[in-house]
Amino acid sequence: MRAAGLWSSLVALAAALLLPWYLTQDGIAAAPLAGLAWLADPDFGPAAGQVLAQGRWWLLPALLAPAAGLLAALLPIPRPARAALFLLTGGLGLGLLIAQGYAIGVQGWSTPWLEGLFGPMEDRQFGVGWGGALVPAALAVLLAAGLAGRGAFRGDAFTATVAVCIALAIAVFTAMPLVLLLGDAFRDAGGALAAGALFGRLADDRLWSLGCLAGAPRCGVVWNTALLGVLVGAGTTALGLAFALLVVRGRLRLGRPLRWLTVLPIVTPPFILGLGLILIFGRSGIVSLAASSLFGVELGRWIYGLPGVLLAQLFAFTPIAFLVLIGVVEGLSPTLEEASSTLRATPRDTFRTVTLPLLRPGLANAFLLGFVESMADFGNPIVLGGQFGVLATEIFFAVVGAQADAGRAATLSLVLLALALGAFFLQRRLTARKSYVSIGGKGDAGLAPPLPAGVRRLCLAVALPWAGLTVALYLLALSGGFVEIWGRDYTPTLRHMIKAFEISGGQLTGLAWNSVITTVTLAAISAPITAALGIVSAWLFSRARFAGRGALEFATMLTFAVPGTVIGVAYLRAFNLPPLELAGTGAIIVACFVFRNLPVGLRSGMAAMAQIDPSLDEASHTLGGGGADAFRRVVLPLLRPAIMAGLVYAFVRAMTTISAVIFLVTADTELATVFIVNRVINGDYGLAIAVAVVLIALMVVMLGLAQLLVGRRRIGRRAAVAPPIQPGGTVA
Amino acid sequence: MSRAAEVRFERVWKRFGAGNVAVRDVSFTVPAGTLCTLLGPSGCGKTTTLRMIAGLEYPSEGRVLIGGRDVSALPPAERDVSMVFQSYALFPHMTVLENVCYGLTVSRRPKREAMGAGRAALESVGLAGFEARLPSELSGGQQQRVAVARALVLEPSVLLFDEPLSNLDARLRRKMREEIRDLQQRLGVTVVYVTHDQAEALAISDKIIVMNQAVIAQEGTPRELYASPASAFVAGFVGEANRIPARLRRLDDVDAEVSIGEARLVLPHRGLPDGPAELALRPEAIALLGPADPAAMLEGAVSKAAYLGGVIEYTVATPLGEIFVVSSSAGSAPGAGDAVGLSFGRHGAALLPGSREAP
C-alpha cells in the first residue's frame, strides 16, 4: 500500500514537472524551443510551468496533490492515517483536475456563476496532453492505494489499482460517449434540450414505414435492419450447423480445410465479400455479362439491395456461426447419445430426440450472434445496399451527408443500440440459463455416434456447395486486383498493385502506403493495450470481490453489444472538445480499437480464467504472495496462450474494422479499410482489391507467426504432454 | 519448529448474502501443537471455518485469534498459516521444486536458501529426486506430498488441511493419514484438519469438532465423542449407532436405571430427567446369542446378513425395530431367518441428551 502510494505520487509529480500538460499541435514530438524555455511555454509547458509562469492557477492541484501524497508516503505515520491521506490527496486532486477541465470551456468559464465566483477568465481550455493525462491517472492509483489501505479490496493495493483504473477507463471511454450521444437525441436542431425532439424523430416515417408491403418502393430502415438481421441470423445458423455436424460427426476427411475456412472472415474486412458479389453479379460482373451475351437476358441491378446484402452477410458470417456451433457440438456428451441408443432408439430417433434438443441453446446463441453481426455490419450495406437502407448506413449518411443532422444520427443510434442490446440480453439470458452441455472434469469416454444417413446427406448437400461458393467468391474477389478492368479487359496485370504500393526513387509514392502504414501502426499500438487490459480485467472480474464488481463487469461487456457505427458517432461527439480533444488524432482511433475489442479479449480471458482453479490463487495467497504475485507468477503464465490469442485477435480486428473508425479518420489518419471502401464507392475495384490483398497477406503472416510462437513454447516445455490448466491433483 | 500457535474462534459468524448463514456463532479453541479435526457432512460450515483461519474468508462477526493475535481482518499472507488444498492446487506450470519454493520466492528469500529449504522439505516427505518433474507427471499420492511439502517449507505455526485425502484411493488414504499424523507429532505444529470421513478423524485427532448446520454439534477427544455422543446426530455421524426407545429412572447423581423392553441396564443419566428417553447402541457392542439364551435382553430374527471377511453385518428385526449388529465372523454364524437373542452392557451404550423432543 505504501509502495503503491509512493510510486504513484512520484510519477504524478514527475509528470507535473516535466511533461507538456496540453496537447501540442504537432502531436507529442519533442519541444521545438531551445534549452529549458519550453518549461514555461504556454503551449508546451508542464503543469509547473503553466502555474508559475503562465498564471494558470487552476492547475495547482496537479502539483500539490502529488507532493502531499509523497509526504504521506514518507512520513512515519500509522497505516490508517497514511491510507486516509492517500485517499484524500488522490481523490481531491483527481476531482479538482476534472472539475477545472470542465469548468473552463473554450470561451472562459463554462457557466456564469463560476465567473461570479472567480472573476472573469481570459484564458481558455485546451486538450490535455501527456502531462494532463498522466497526472490524473497516477492520482487515481494513489486513490486506489488509499482505498486498499483502508481495507477495501481485501487490503490489496494491486487489486485496488486495477479496479480503479478499469472503472475510470470504462467511464471515460465507454459510458461517457454513450451518455452524451443519448443526450443528443433529446436535443432539437438548435441544441436545446427538448424531449419532443426525440419522439418527433422517432416517429419519422423513414424509420417505421411499412409501405413496401403495400407496393411502395421501400420500407422504414428499422424494418429493413430487423428483417435483414433475422434472415442472416437464421441463414448463418442453419449453414453453420450443417458445417459443424459434418466436421464433428460426419466422418469426413474435410475437417481441417473446413476449419481453415473459419479463419477467412477473421482476416478479411467483411465488405470484401460484398465486393466479390459485385464482381460476379454486378452490372459488369461475369455472371451478368455472360447472361446477357449468351441468353440476351439483362440481369440488371438486382444485387444492389436486400438480396446482395443478405448474400454477402451470409457468406461473411456463416463461419462465425460455424465456430460457435462446432464448440457446442463437440461439447455434447456422447454418453447421453449412447444411452439413447442402448434404449433401442435408431440413430435417427437419437438425433431427433437427444442431439437436437441438446443443441437448442447453442443454436439460439448462434442465431442471436448472426443477428447482432448483421445489424452492426456497415461495410456490406454501404457497398451493396443501394436503395435498401439499414440503420448503420443511415447513421453514416446522417453524419456525413448533406443533412449533417447530429440529432437524427443520435436518434438512429439509439434505435440501433436498443435493438442490439435487446438481442444481447436475450443471448445472455439464454447462455446464463443452466446449460445442458457439461464439460466437466470427468472424462466422458463415449464415442459420438455418426450422423443418420439422411441428415448427413442433407448437410453435405448444403455445406459443400456453400463452401465451394465461398472459396470461389474469395478467389474471384481477390483476382479482381490483378486484371486490367473487370468486366471488359481480363488481361493479367500488376498495374493496380504498383499504383497502390509503388516505390520510386526511395520514396513511397504508391497511393495506399500512407493508409496501410497508419493502419499497421495504430493496430500495433492498440493490440498490446487491448490484450493487457482484457487479461487484467478478466482476472479482476473472476477473482477479486468488491462492491460494484457486477456493475463494472456489465459495463465492460456492454460495449460488445454496441454496434461500431454507434461507437463511432459517440466518440466523435464526446472527444471533439477540450479537455479530451482527441478528434482527428491517432489517439481517438487507438482508444476506439481498444475499447471496442476489449470485451472480446475479456470474454476469452474469463473463459481461460474459468479453467484455472481458484485454489491456485488461494494457494499463492496462503503462501504469502500478494495480489500482484498471484497474478504475475500463477495466472499470467497459465494464461499465456490466451494472451497470445488476445493479442493477435486485437491486432487483426483493428486491421479489418471499418464501421466505427469511418467517423474518426482524417486525411492524416486514413485507415486502409476506409481507403478501400472509398475506392469501391468510386468504382475503382482494382486498386481496392490490391490493397485488400496486401492487408489479408499481412494478417495471414501475423497469424502464422503467432501460431508458430505458441507452438514453439509448448514443444520447448519438456517432452511431456502440455499440462492441463488445472491444479495437478484433479487428474481423475 | 516449536512455534506452534493456538487457534481461537470467538463467537464467529459468517454470512454469504442475506439469510445464508454458513457459520453461526461458533467458538472453539485448538490448543497449540495439537491436531484438531473439523468433522461434518458437506455444507455444515467446516470448510468455511477452515478458510476463515487461512484468511481466504473473513468473518462477518466475531474474532479469529492465532497465537493470541487477532487476525480477523488480516489477509492470508500476513497470518503465518499454510494450507493444503483438497485439489492440492499445485501450480501446473512450475516444477515440483518451484512449487515447493514458491512461498520463499514470493517472500523474496535468496534463491540458494529457498532451493535448499525446498529440497529439505521434499526430502522430509520422501520425494527427493522428483525436483524437476511437473505436477502432472506425479501420481496422486506424490502430488499430495508435494502439497504438504509446499505448505511446510514456510515453517508455519498453523497448518491447515482441507479434505486432503479425498482424491486418493482407500489404501493410500490410510497410509497418508498416518504420515500426516507422524509429521504433526514430529514437528509439534498445530494442525486443523477438515474431513467428512469419521474414521479418518477418529484415527488421527487429538480433538474433534463435529459441525452440523453451521454450528458445533459437539467437541471432544475421539473417545469422548464415541462413548458419549451429545446428540443423535453425533451418535450417527461418529460411528454407527442404533437408536432405540427406553425408559429412564434416576438412581443417584450419576447413574440411572434404563429399561429397554424387559431388560434393565445401569448407565450414566447425563442430566436427563425420569421418563422416556433414547439410547444409542453401537453395533459392535451388541452380542449375538442363541435363540433361548437366558442372557438375551432382546429377542429377534435375522433379516439380512452380509459377510465382509473379518466381520459379518446383521440386520435383526426386533419388537423395538430393526437393529444393526456387527459381529466377528469366527465360529458358527446364524443365517437369514434364524431366531437370535441380543445382549449388551454398559460399554457401547449411551443415553442421548436432547432426545426428548425427538419422536
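To find a chain, count down the sequence lines: A is the first, B the second, and so on, and within it residues start at 1.
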What part of [X] is in contact with chain A, defined as an atom under 4.5 angstrom from a non-hydrogen atom: side chain, backbone, both or neither?
X: B/Arg150; value: both
X: B/Ser139; value: neither
X: B/Leu56; value: both

TODO: Taking side-chain hydrogen bond (donor to acceptor under 3.5 Å, both in side chains) as the test, write out the residues that go with B/Glu113, two or more places apart.
DONE: B/Arg109
Open item on the list: Going by side-chain hydrogen bond (donor to acceptor under 3.5 Å, both in side chains), name the residues that satisfy it together with B/Thr195, two or more places apart in sequence or in a different chain.
Closed with: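 For B/Thr195, the residues satisfying side-chain hydrogen bond (donor to acceptor under 3.5 Å, both in side chains) (neighbours in sequence not counted) are B/Glu200.
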Task: Contacts with chain A made by residues 60-70 of chain B (heavy-atom distance under 4.5 Å), listed by residue number - done: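 So far as heavy atoms go, nothing in residues 60-70 of chain B approaches chain A to under 4.5 Å.
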Going by atom types only, do [X] and [Y] share a side-chain donor-acceptor pair under 3.5 Å?
X: B/Asp80; Y: B/Ser157; answer: yes
X: B/Arg145; Y: B/Gln142; answer: no
X: B/Ser82; Y: A/Thr622; answer: no
X: B/Ser72; Y: B/Tyr58; answer: no

Open item on the list: Less than 4.5 Å to any heavy atom of chain B: does that hold for the side chain of A/Ala630, its backbone, both, or neither?
Closed with: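 Interface part for A/Ala630: backbone (N, CA, C, O).
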Can you give each donor-acceptor pair under 3.5 Å made by side-chain atoms of residues 36-48 of chain B, sequence neighbours left out, with the distance rounded to 0.1 Å?
{"from": "B/Thr37", "atom 1": "OG1", "to": "B/Ser205", "atom 2": "OG", "distance (Å)": "2.3"}
{"from": "B/Lys46", "atom 1": "NZ", "to": "B/Gly40", "atom 2": "O", "distance (Å)": "3.2"}
{"from": "B/Lys46", "atom 1": "NZ", "to": "B/Pro41", "atom 2": "O", "distance (Å)": "3.4"}

Task: Validation row, ring centre B/Phe91 to ring centre B/Phe85 under 6.0 Å - done: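 No, the ring centres sit 6.0 Å or more apart.
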